[in-house]
Protein chains: 2
Amino acid sequence: MLERIHLAIIREVDRQGSLTAAANTLCLTQSALSHSIKKLEQQLDTDIWLREGRSLRPTQAGQYLLAVANRVLPQLSLAEEQLRQFAQGERGTLRIGMECHPCYQWLLKVVSPYLEAWPDVDVDVKQKFQFGGIGALFGYEIDMLVTPDPLYKPGLHFEPVFDYEQVLVVSRHHHLAKQSYVEPEQLSHETLITYPVEINRLDIYNQFLQPAGIHPKSHKTIETTDIMLQMVASNRGVAALPRWLVEKYAHEIAIAPVQLGQRGIAKQIFLGAREADVNIDYLKAFFQTARSAPF
Amino acid sequence: MLERIHLAIIREVDRQGSLTAAANTLCLTQSALSHSIKKLEQQLDTDIWLREGRSLRPTQAGQYLLAVANRVLPQLSLAEEQLRQFAQGERGTLRIGMECHPCYQWLLKVVSPYLEAWPDVDVDVKQKFQFGGIGALFGYEIDMLVTPDPLYKPGLHFEPVFDYEQVLVVSRHHHLAKQSYVEPEQLSHETLITYPVEINRLDIYNQFLQPAGIHPKSHKTIETTDIMLQMVASNRGVAALPRWLVEKYAHEIAIAPVQLGQRGIAKQIFLGAREADVNIDYLKAFFQTARSAPF
DNA sequence: AACAATCAATTAATTTTATTCATACATAAA
DNA sequence: TTTATGTATGAATAAAATTAATTGATTGTT
């Protein structure tokens with residue numbers, strides 16, 4: 001039978017490079033691991049490593065088991081962690097994933113009243129997922145997803161929690177700053193500064209520039225909002241961000257929001273979770289807190 | 001440590017209703033299970049069942065562990081099965097999921113040349129998923145999904161494999177049978193027969209009737225294609241199906257296809273898989289076989 | 001109310017399994 | 001060569017899981 005220890009050994013040998021090193025981190029002897037795996041190999045009737053000299057190279061079966069280990073072991077650790085929290089009377093950890101940069105600013109405002117209302121629930125925020133936010137939900141990496149891009153599929157529950165307007169941000173001294181709105185053409189001589197994501201995922205691109213067939217003069221990417229806004233303020237380029245975010249910073253930094261197009265660009269942020277979980281009280285409460293967030 | 005046996009016991013007690021019965025199916029004694037779980041409870045410092053008289057009712061922790069068991073145990077069994085197949089020189093089993101009724105007819109035509117080309121790969125077709133096709137892909141229930149409804153998300157790879165036209169099917173003696181196409185209004189006095197799925201997922205509804213604000217006189221659902229066509233032939237109603245499917249049956253059953261609207265309804269079937277898997281040779285080959293299918 | 005049947009818990013004995021120790025063997029580097 | 005470092009193996013040992021036998025509790029039946 002394939003046991004947890006086998007997966008642990010396989011994962012650790014992959015990480016450490018040798019049985020001996022793996023044995024140390026697992027607090028066992030090299031001999032113990034060798035015996036364990038040998039027995040498993042006999043049961044499965046297939047080798048897990050090719051023994052080349054004194055190094056171990058995983059066979060096809062070994063590679064497959066490594067993938068299984070990397071997938072399954074975290075699920076078991078998570079289960080133990082959850083149970084530990086149950087035992088201590090805590091409610092658990094709400095693991096929130098985020099797929100968009102402005103979501104982070106919004107989330108901060110929601111998390112703080114939530115933590116007050118639910119003192120025995122911890123909140124953990126993750127931003128990188130191997131298989132994207134949806135995959136992270138399905139794979140139990142996270143329990144909740146904040147995204148501009150919902151997915152109405154069986155097994156998942158999404159609801160909009162926050163409407164905002166995406167606007168152009170320019171320096172307060174920029175010639176566009178006084179206009180009530182900009183047309184796509186007016187950006188063809190501007191430098192566009194965005195977060196480092198696929199260009200197709202940027203609203204200003206696929207909802208504004210792309211339909212008009214316009215390209216900005218150049219395109220720079222910057223990780224952090226603060227630096228991005230500093231760049232905009234010093235007239236190195238223009239950016240597209242939520243209006244509320246721009247207004248929040250406008251006191252400190254010399255920037256101004258400008259509506260994108262005659263109608264503006266309306267956006268929504270959605271909160272999603274596994275359908276099976278939406279009745280867990282502390283999760284349900286997060287939806288409520290999110291809906292009644294102060295915006 | 002939470003071990004496989006613990007999860008197996010918890011799942012089996014849930015299924016069988018008692019420790020004694022679970023012990024039998026697990027080929028152990030009731031005492032063994034009792035000891036195992038008791039030890040686990042001590043380690044986790046939480047009860048798994050409430051002992052009420054002589055019956056066991058899962059606690060919150062128990063319910064949580066049951067969910068973990070139902071999720072994790074199949075992954076381990078699958079891994080063992082895969083390894084067994086590796087060991088025997090077989091390539092494995094390609095587990096294909098399907099989300100649409102006409103896909104099945106199409107799939108049959110693809111599977112047969114594939115099985116010939118890959119004699120050491122088995123194909124298994126599943127049609128019901130707890131969390132939908134996407135969830136089944138992410139949850140390793142299936143390796144490949146046939147769907148009219150692709151999802152371009154990180155972690156998944158989709159490609160179109162088959163274009164077809166969705167047409168109205170009527171009895172050969174029906175007054176619409178001679179028309180070159182039908183307008184939505186002409187269906188307002190017809191009985192519409194469909195597969196038993198959500199009405200919003202039906203193309204004839206959301207792409208044809210809905211936009212025109214038309215409702216059919218009545219709506220019946222039928223599971224099987226053959227019976228559905230028999231019903232249509234005997235003038236009990238009209239249906240919407242792929243043109244190629246209608247033409248295939250038209251020799252045996254007195255039915256006729258009619259184009260939906262002036263432009264017709266164009267449809268595509270997509271094949272999807274986990275990105276991590278698309279380089280597995282026998283999986284890649286299925287994509288190729290599918291693309292070059294005889295349509 | 002008494003009785004049999006059913007089920008889980010417990011203790012002690014036993015069996016099985018995992019682990020270590022000591023050592024052999026193989027390889028790469030000095 | 002020699003040395004250092006790695007894995008494999010057999011026998012001994014420690015640890016663990018499992019069983020057998022029994023108790024106590026509960027449920028259903030007569």
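Proteins come first, then strands; the chains are lettered A, B, ... in the order of their sequence lines, and each starts at number 1. Computed from heavy atoms alone, side chains included, the values below leave out hydrogens, waters and symmetry copies.
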C:dA9 phosphate, OP1 or OP2: any side-chain N/O from B:Lys38 under 4.0 angstrom?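 Negative; the distance criterion is not met.
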Any donor-acceptor pair, under 3.5 Å, between the side chain of A:Arg54 and the base of D:dT7, if you only look at N and O atoms?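 There is none.
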Would you kindly check whether a donor in the side chain of A:Arg51 faces an acceptor in the base of D:dT7, or vice versa, at under 3.5 angstrom?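 No pair found.
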Aromatic rings A:His157 and A:Phe287: how do their planes relate, parallel, tilted or perpendicular, breaks at 30° and 60°?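 The rings of A:His157 and A:Phe287 stand perpendicular, inter-plane angle above 60°.
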NZ/NE/NH1/NH2 to OD/OE distance under 4.0 Å, B:Glu141 and B:Arg274: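 Looking at B:Glu141 and B:Arg274, the cut-off is not met.
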Using a strict 4.0 Å threshold on nitrogen-to-oxygen distance, state whether A:Asp124 and A:Arg95 make a salt bridge.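 Looking at A:Asp124 and A:Arg95, the cut-off is not met.
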Axial cation check for B:Tyr140 ring with A:Arg71, 6.0 Å and 45° limits: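 Satisfied, under 6.0 Å and within 45°.
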How long is the line joining [atom1] of [X] and [atom2] of [N], in whole Å?
X	N	atom1	atom2	answer
B:Ile48	C:dA9	CD1	C1'	15 Å
A:Leu56	C:dA26	CG	C1'	13 Å
B:Lys39	D:dT19	NZ	C1'	16 Å
A:Glu3	D:dA17	CD	C1'	12 Å
A:Gln42	C:dT17	CD	C1'	14 Å
A:Leu40	D:dA8	CG	P	14 Å

Mind listing the residues from residues 7-37 of chain A sitting with a heavy atom below 4.0 Å of DNA chain D? Number order is fine.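 Within this stretch, A:Ser18, A:Leu19, A:Thr20, A:Gln30, A:Ser31, A:Ser34, A:His35 sit under 4.0 Å of the strand.
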Pair B:Phe158-B:Phe270, ring-ring contact (aromatic ring centres under 6.0 Å, His included): steps then yes or no: CA-CA 6 Å; B:Phe158 275 92; B:Phe270 295 79; 7.1 Å; no
Closest nucleotide of DNA chain C for A:Glu52 versus for A:Ile5: which of these residues is on the 5' side?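 Between the two, 5'-proximity favours A:Ile5.
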Start with the C-alpha distance between A:Asp281 and A:Lys284, add both sets of side-chain angles, then the distance that settles salt bridge (Lys or Arg N to Asp or Glu O under 4.0 Å), and finish with yes or no. CA-CA 5 Å; A:Asp281 55 1; A:Lys284 199 190 280 182; over 6 Å; no
